[in-house]
Number of protein chains: 2
Amino acid sequence: MRIGELARRTGVSVPTIKYYTREGLLPVGERTGPNQVQYAESHVRRLKLIRALIEVGGLSIAAAGEVLAEIDSPGRTVHGMLGTAQTAVSRAVAEPGADGKWADAEAEVAELVRRQGWVAKPENPGWRTLVQIVAAYRDLGQGELLGLLDPYAAAAGELAAAELAVIGHVPSTDGKIEGAVLGTVLGDAAMGALRRIAQEDASRKMQEQPHSA
Amino acid sequence: MRIGELARRTGVSVPTIKYYTREGLLPVGERTGPNQVQYAESHVRRLKLIRALIEVGGLSIAAAGEVLAEIDSPGRTVHGMLGTAQTAVSRAVAEPGADGKWADAEAEVAELVRRQGWVAKPENPGWRTLVQIVAAYRDLGQGELLGLLDPYAAAAGELAAAELAVIGHVPSTDGKIEGAVLGTVLGDAAMGALRRIAQEDASRKMQEQPHSA
């Protein structure tokens, strides 16, 4: 199909398709004449995946490029794919300082991970974020909020097991790899969105109670 | 205290303090001489809050400004504060199209919300994101991942109730308002970070099973 047809089928504009090609996210089409380039069904599918990662999942062009390169890599595994997708979806967080505040927060996070029985490398992108959050809660006198981290962690553990079980049931390796990416990137967006709706509902119910402020 | 002392106490550089003041995030100090401006303890606390929202929570300057304006508003309530914080932490997502794909996704989300017994306004920032996610999963033939939305929703519901209970126990109104902001903005970051660690652990455990790929 010509680029116009590809645009129509995917809802992505021709200039955007050209931009994704220049940035290496979308493979170039097959040149069949001086002014003619042909695109295949695989381009339709890849464009839908790019849209999902960028427009729905919120990845940057660079982060989406890293994920797609791993999808295309011959040595890819589901475990490696999860790691790449996790890094892509995690915002870079500043290195914590070296003072006592950080050491305390670091110890609290290590204790939390131990309580869940988790084994995780210190390079895991979640680790540093958690240390920053614990330090910020303590610094702002909101230590009560730290009590939420254990229920968050328990929920995250159950959901991670459910996610891997679902991905395990996807028939093809291609499907598993793509499922790992979408489950991580769009799963994060889904959890955030569901928290928005659940919080509105819980807050409204609390307001309706006669004795609340 | 002078601006240098404020920078030392908070770890925020003098140019960044001046930038936050120009952008209206930090109230101006008290001018006590031609080249002297004095800052109070309230500035230390506000700067720590700004750092937490921007550096740890990932809010833009504009989004942090909206949250801080609501914190400072005389008519603020905990319920209203939660709404403002939710909007600030939610990325703008494109309006879904009008074709059948979106109508189906919209109906699936409405059914999911109904199953949880939730009441939420269609303006809730989570709603549109969920419609986009459901449409993307269907479009990419990853309908199996939709099975994760109910466990995500159940977890989100339990966590929202726990969050409001914790905020309800914070003694002062100032503390409750700030807790609502931090619980929403940093709570999202915490859940994402814990998902990273839980996913690494679950993926590793699955790899170690003798019969897995």
Side-chain angles (χ1 to χ4, degrees), chain A residues 48-49 52 55-56 58 79 82 86 90-91 94 113 118-120 124-126 129-130 132-133 136 139-140 142 144-145 147-149 151-153 155-157 159-164 166 169-170 179 182-183 186 188-204 206-207, chain B residues 48-49 52 55-56 58 79 82 86 90-91 94 113 118-120 124-126 129-130 132-133 136 139-140 142 144-145 147-149 151-153 155-157 159-164 166 169-170 179 182-183 186 188-204 206-207:
Chain A
K48 285 181 182 175
L49 181 59
E55 295 180 18
V56 188
H79 185 72
L82 278 171
Q86 285 195 4
S90 304
R91 225 167 31 76
V113 169
W118 288 340
V119 176
N124 185 298
T129 302
L130 274 177
Q132 296 262 16
I133 291 167
D139 213 20
L140 286 157
Q142 293 275 357
E144 295 89 349
L145 291 173
L148 290 168
L149 293 182
Y152 283 169
L159 296 175
E163 285 158 13
L164 284 171
V166 165
H169 282 103
V170 173
L182 290 171
L186 268 58
D188 255 38
M191 190 63 199
L194 287 162
R195 276 170 54 83
R196 297 290 87 75
I197 300 178
Q199 284 163 346
E200 179 185 334
D201 181 73
S203 177
R204 191 186 45 75
M206 188 167 265
Q207 274 201 313
Chain B
K48 286 181 182 175
L49 182 58
E55 294 180 20
V56 188
H79 184 72
L82 278 171
Q86 285 197 4
S90 305
R91 222 168 33 77
V113 169
W118 288 340
V119 176
N124 186 297
T129 303
L130 275 177
Q132 297 261 17
I133 291 166
D139 213 20
L140 286 157
Q142 293 274 358
E144 295 89 349
L145 291 173
L148 290 168
L149 293 182
Y152 283 169
L159 297 174
E163 286 159 11
L164 284 170
V166 165
H169 282 103
V170 173
L182 291 171
L186 269 59
D188 255 38
M191 189 65 200
L194 287 162
R195 277 168 54 81
R196 299 290 85 77
I197 300 177
Q199 286 165 345
E200 178 183 335
D201 180 73
S203 177
R204 190 188 44 76
M206 187 166 267
Q207 275 201 310

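Lettering of chains follows the sequences in order, A, B, ..., and the numbering in each one begins at 1.
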### Summary
Residues passing the side chain to side chain donor-acceptor pair (under 3.5 Å) test with A:Asp188, sequence neighbours excluded, are B:Arg195, B:Arg196

### Query
Does the side chain of A:Leu182 come within less than 4.5 Å of A:Leu49's, by heavy atoms?
yes

### Query
Considering only heavy atoms, which portion of A:Gln142 lies under 4.5 Å from any heavy atom of chain B: side chain, backbone, both, or neither?
side chain

### Message
For chain A, which candidate among B:Gln199, B:Met191, B:His79 shows the most heavy-atom pairs at distances under 4.5 Å?
### Response
B:His79

### Task
Could you tell me which of B:Ser203, B:Ala153, B:Pro151 has the largest number of non-hydrogen atom pairs under 4.5 Å with chain A?
B:Ser203

## Note on the structure
Interatomic distance, CG@B:Asp201 vs CG@A:Asn124, rounded to 0.5 Å, equals 10.0 Å

### Task
Please round to the nearest 0.5 Å and tell me the distance separating atom OH of A:Tyr152 and atom CG of B:Leu194.
9.5 Å

## Note on the structure
Counting heavy-atom pairs under 4.5 angstrom with chain A, the leader among B:Leu186, B:Val166, B:Leu149 is B:Leu186

#### Entry: Heavy-atom pairs under 4.5 Å with chain B, option from A:Ala52, A:Gly58, A:Gly157 with the top count
A:Gly58

### Task
Of all the heavy-atom pairs spanning A:Ala190 and B:Ile133, show the shortest one and how long it is.
N-CD1, 3.4 Å

### Task
Using non-hydrogen atoms and a 4.5 Å limit, figure out which bit of B:Glu163 sits close to chain A: side chain, backbone, both or neither.
both

### Task
For the residue pair A:Leu159 and B:Leu148, establish whether any side-chain heavy-atom pair is separated by less than 4.5 Å.
no

### Message
Using a 4.5 angstrom heavy-atom cutoff, name the option from B:Val170, B:Asp139, B:Leu82 with the most pairs to chain A.
### Response
B:Asp139

### Message
Counting heavy-atom pairs closer than 4.5 Å to chain A, which one of B:Ala189, B:Gly183, B:Ala156, B:Gly192 comes out on top?
### Response
B:Ala156

### Message
Using heavy-atom distances under 4.5 Å, tell me whether A:Ala202 contacts chain B through its side chain, its backbone, both, or neither.
### Response
both

### Summary
Scored by heavy-atom pairs under 4.5 Å with chain A, the best of B:Val113, B:Leu140, B:Leu145 is B:Leu140

